[in-house]
Amino acid sequence: MEQKFFYILTFGCQMNERDSETLAGMLEERGYARTEDRAQADVLLINTCSVRENADKKFFGTLGLIKKLKENKPALVVGVCGCMMQQQHIIDTIKSKYSWVDIVFGTHNLHRLPQLLDNLIAEKKKQREVWPEHHGIEEGLPAHRQHSFKAYVNIMYGCNNFCTYCIVPYTRGRERSRMPEEILKEVQGLVASGVKEITLLGQNVNSYRPESAEVPDFPALLRLLNGVEGLQRIRFMTSHPKDLSEGLIQAYKDCEKLCPHIHLPVQSGSSAVLKRMNRRYTKEQYIDLVGRLREAVPNIAISTDIIVGFPGETEEDFLETLDLVNKVQYDSAFTFLYSVRKGTPAAEYEDQIPEEVKHERFDRLVEAVNTISAEKNRRKVGQTEWVLCEGESKTDAGLFTGRTPDHKLINFLPAAGPDGQPISLKEGDLVQVEVTSSNTFSLVGKAVTL
Ligand code: 5AD
Ligand code: SF4
């Protein structure tokens, strides 16, 4: 039989990247092979994100381009899935303006793709199937992992927090946790196939609560996974500050595989804004938490997410954010302009901030954040770090690239062998690298000969 190809375009967060690995696995199980050339595809999937308006716009822009592909190749099956599909107004738009799309499915029925493909062929009719709620966790789905040396591992799905700006609780549903034995089995399998580093994924890993007496919470899960032989590094994201427990801080001390880095989204430095965001902590509580983390793990790197221009944010509120950034001294921060999300409470707030004010604050915030990142990186110069090699640098010929335990990107020269030639490295090698210089977003170094 003639080889059939699939192409997957993924927008958004790590959860979506992980979901796309499952989509790829299911298609490969049915004999399809991946192509990086859209024109060669027989099945083309777009896994969408709805966290900010930009992602919506990009999706519809891309669909416009794909329509042309489909006109040239009518047999092409176009499928759309992911967070945007969990919103009725998006489904309505697809029905009215993009009715040529063959398959529509959502976050809760990802595993139904093979069946929907079969139905499409058998019934010769478009398949639109979105489940409004999840029906439990599907275990045992195949996956084609993006990397051989590091992997994302879901530990929980959904979110119950309802931050007032956020669409995720509506698109990903309520919290549910995977059983620890399923996670352990997956991690052991990954390690057996050569994976060195895992990143545990959940909208809020601190709410991990499986029905298990032995492993009742997230710190207990970390301890369990820390015991997996052959595994080198454990990371996780994301962690809500209001739920970060003493148990987790203790886990950093006890679990040597847990990397000294935490992504701890603050969103705003103004307690008044935090209240309206329904974050359920104050600026002071957050700063106190950072202090406790740093006391327990002095070398911990802290990164964050910050939104500027949330409805009602005053100049004073914004100055509180700048003040918090200066106090916490983040290693890095993702900064976002507040984006109205239909269906969320904040979309209805009357005091929306004008775009130019948002942009002006955004620029000031980015400058503050970058100055601190650059300084933090500068302080690493002269230190020697274990680096997990991610292969050759794409930008600098002759250099390799990787991450330090505290998640800093480093480009480095390989060490020289006895013959004076560079010792070749491959993805997944752990090497000691001396940091020789620094930039705002990355480090530069040279591998050390042992
Ligand atoms: N507008 C801007 N940023 C948002 N985020 C989530 N929702 C919105 C929104 N409506 C940001 C938050 C979150 C990150 C993943 O995306 O900072 O932590
Ligand atoms: Fe969105 Fe808040 Fe849940 Fe994070 S914790 S996914 S920001 S609702």
Side-chain angles (χ1 to χ4, degrees), residues 14-15 18 137 139-140 143 145 147 149-161 175-265 288-303 331 385-386 388 403-407 428 430:
Q14 292 80 9
M15 293 271 172
R18 177 66 193 84
I137 296 175
E139 290 292 353
R145 304 287 180 159
H147 302 285
F149 62 98
K150 62 174 183 178
Y152 291 132
V153 176
N154 288 120
I155 64 163
M156 59 165 311
Y157 302 89
C159 181
N160 291 354
N161 288 315
E175 286 172 357
R176 58 245 181 237
S177 297
R178 285 182 75 195
M179 288 304 284
E181 45 278 26
E182 293 288 346
I183 298 170
L184 180 64
K185 201 166 68 185
E186 181 176 341
V187 171
Q188 285 167 333
L190 287 166
V191 170
S193 73
V195 165
K196 304 276 171 52
E197 174 183 298
I198 53 162
T199 302
L200 305 174
L201 294 182
Q203 300 312 333
N204 176 14
V205 293
N206 297 327
S207 309
Y208 177 71
R209 293 274 181 285
E211 285 167 29
S212 159
E214 295 89 60
V215 184
D217 58 12
F218 184 54
L221 179 71
L222 287 172
R223 281 175 222 283
L224 176 75
L225 299 178
N226 192 58
V228 172
E229 213 172 305
L231 180 64
Q232 303 278 354
R233 289 180 168 186
I234 304 174
R235 302 184 183 280
F236 62 85
M237 65 191 316
T238 291
S239 176
H240 196 305
K242 81 173 162 56
D243 302 315
L244 199 151
S245 64
E246 281 304 318
L248 179 59
I249 297 178
Q250 188 59 39
Y252 273 105
K253 289 181 160 178
D254 301 341
C255 302
E256 74 285 358
K257 292 178 185 171
L258 185 55
C259 290
H261 168 233
I262 189 162
H263 187 66
L264 197 60
D288 176 66
L289 178 60
V290 166
R292 281 186 283 133
L293 272 164
R294 287 222 168 103
E295 200 181 322
V297 194
N299 62 341
I300 197 164
I302 304 181
S303 57
D331 288 79
E385 300 265 0
W386 280 106
L388 182 64
R403 296 261 175 191
T404 59
D406 59 358
H407 207 236
L430 270 165

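Not measured: the values here are computed from a predicted model.
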Mind checking whether [X] and [Y] have side chains closer than 4.5 Å, heavy atoms only?
X: T238; Y: Q203; answer: no
X: L222; Y: D254; answer: no
X: F236; Y: L258; answer: yes
X: R223; Y: Q250; answer: yes
X: D331; Y: H407; answer: no
X: L388; Y: R403; answer: no
X: L244; Y: I249; answer: yes

- Please step through side chain to side chain contact (heavy atoms under 4.5 Å, CB included) for the pair S207 and M156, ending with a clear verdict. CA-CA 8 Å; S207 309; M156 59 165 311; 4.3 Å; yes
Salt bridge [X]-[Y], side-chain N to carboxylate O under 4.0 Å:
X: E182; Y: K185; answer: yes
X: K150; Y: E197; answer: no
X: E175; Y: R209; answer: no
X: E186; Y: R178; answer: yes

Atom [atom1] of [X] and atom [atom2] of [Y]: how far apart are they, to the nearest 0.5 Å?
X: L225; Y: L184; atom1: CG; atom2: CG; value: 6.5 Å
X: I262; Y: L293; atom1: CD1; atom2: CG; value: 5.0 Å
X: R176; Y: N160; atom1: CZ; atom2: CG; value: 9.5 Å
X: S193; Y: F149; atom1: OG; atom2: CZ; value: 12.5 Å
X: H261; Y: S303; atom1: NE2; atom2: OG; value: 3.0 Å
X: N161; Y: D243; atom1: CG; atom2: CG; value: 6.0 Å

- Query: Would D406 and N299 satisfy side chain to side chain contact (heavy atoms under 4.5 Å, CB included), going step by step from the backbone distance to the final call?
  - Reply: CA-CA 8 Å; D406 59 358; N299 62 341; over 6 Å; no
Can a donor-acceptor pair be found, under 3.5 Å and without considering hydrogens, that links the side chain of [X] to the backbone of [Y]?
X: R145; Y: Y152; result: yes
X: K196; Y: Q232; result: no
X: K257; Y: V228; result: yes
X: Y208; Y: P219; result: no
X: N206; Y: H240; result: yes
X: N204; Y: S239; result: no

Might you point out which heavy atoms bring [X] and [Y] nearest each other, and give the distance in Å?
X: P210; Y: V215; value: CG-O, 3.1 Å
X: V205; Y: F218; value: O-CB, 3.4 Å
X: C259; Y: R235; value: CB-NH1, 3.5 Å
X: V297; Y: P260; value: CG1-CB, 4.4 Å

- Query: Taking atom CD of E295 as the centre, does the number of heavy atoms from other residues, nucleotides or ligands within less than 6.0 Å exceed 12?
  - Reply: no
